[in-house]
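These notes are about the structure you will find just below.
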Amino acid sequence: LSSCNIEISGNRITSGSERGVMGMPLTLVKEGTVASIVRVGGKEEVKRHLENMGFVPGASVTVGSANNGIVNVKESRVAISKEMANKIMV
């Protein structure tokens with residue numbers, strides 16, 4: 001993770017997206033942590049689906065329950081699969 005240039009302050013993760021850093025998958029973020037989305041990967045259909053749910057670059061997400069894939073994004077609470085969460089880089 002050191003190559004990702006991630007700063008952790010309390011329960012908030014700040015990546016170096018402004019400096020061109022790729023970030024890390026949402027699945028690696030601990031429960032209760034707030035993170036900013038750097039990019040959304042995957043096929044165009046998957047990216048569009050995630051974007052429609054609010055997973056867009058710059059949006060803040062809070063990991064609710066890591067085991068159940070519960071994530072808070074744009075004042076909504078959604079459940080996503082681990083496969084989908086792996087496509088969201090923070």
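What you find for Val38 and Pro57 is that their closest heavy atoms are O-CB, 3.5 Å. When all heavy atoms are compared, the tightest approach of Gly41 to Val46 is O-CG1, 4.4 Å. Across every non-hydrogen atom of Val63 and Lys30, the tightest pair is CB-O, 3.8 Å. When every heavy atom of Phe55 is checked against every heavy atom of Val71, the shortest pair comes out as CE2-CG1, 3.9 Å. Closest of all the heavy-atom pairs between Val73 and Val61 is CG2-CG1, 3.7 Å. Of all non-hydrogen atoms in Ser36 and Gly58, the two that sit nearest each other are OG-O, 3.8 Å.
Atom OG1 of Thr27 is separated from atom NZ of Lys87 by 11.0 Å, given to the nearest 0.5 angstrom. The CG atom of Asn86 lies 8.5 Å from the CG atom of Leu26; values are rounded to the nearest 0.5 Å. Atoms CD1 and CE, on Ile80 and Met53 in that order, are 6.0 Å from each other to the nearest 0.5 Å. Distance check: Lys47 NZ to Asn52 CG gives 13.5 Å after rounding to the nearest 0.5 Å.
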- request: Please report the C-alpha distance between Thr33 and Thr62 in whole Å, then the side-chain angles of each, then the deciding distance to 0.1 Å, and finally whether the side chain to side chain contact (heavy atoms under 4.5 Å, CB included) criterion is met.
  value: CA-CA 6 Å; Thr33 302; Thr62 305; over 6 Å; no
- prompt: Could you go step by step and tell me if Val40 and Val56 meet the side chain to side chain contact (heavy atoms under 4.5 Å, CB included) rule?
  reply: CA-CA 7 Å; Val40 178; Val56 295; 6.0 Å; no
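Considering only heavy atoms from C-beta on, Ile70 comes within 4.5 Å of Arg77 through its side chain.
Met89 and Val34 fall into different hydrophobic clusters, where Ile, Leu, Val, Met, Phe, Trp and Tyr residues are linked whenever their side-chain heavy atoms come under 4.5 Å apart, directly or through other members.
For Glu51, the CD atom is densely surrounded, since the number of other residues' heavy atoms within 6.0 Å is greater than 12.
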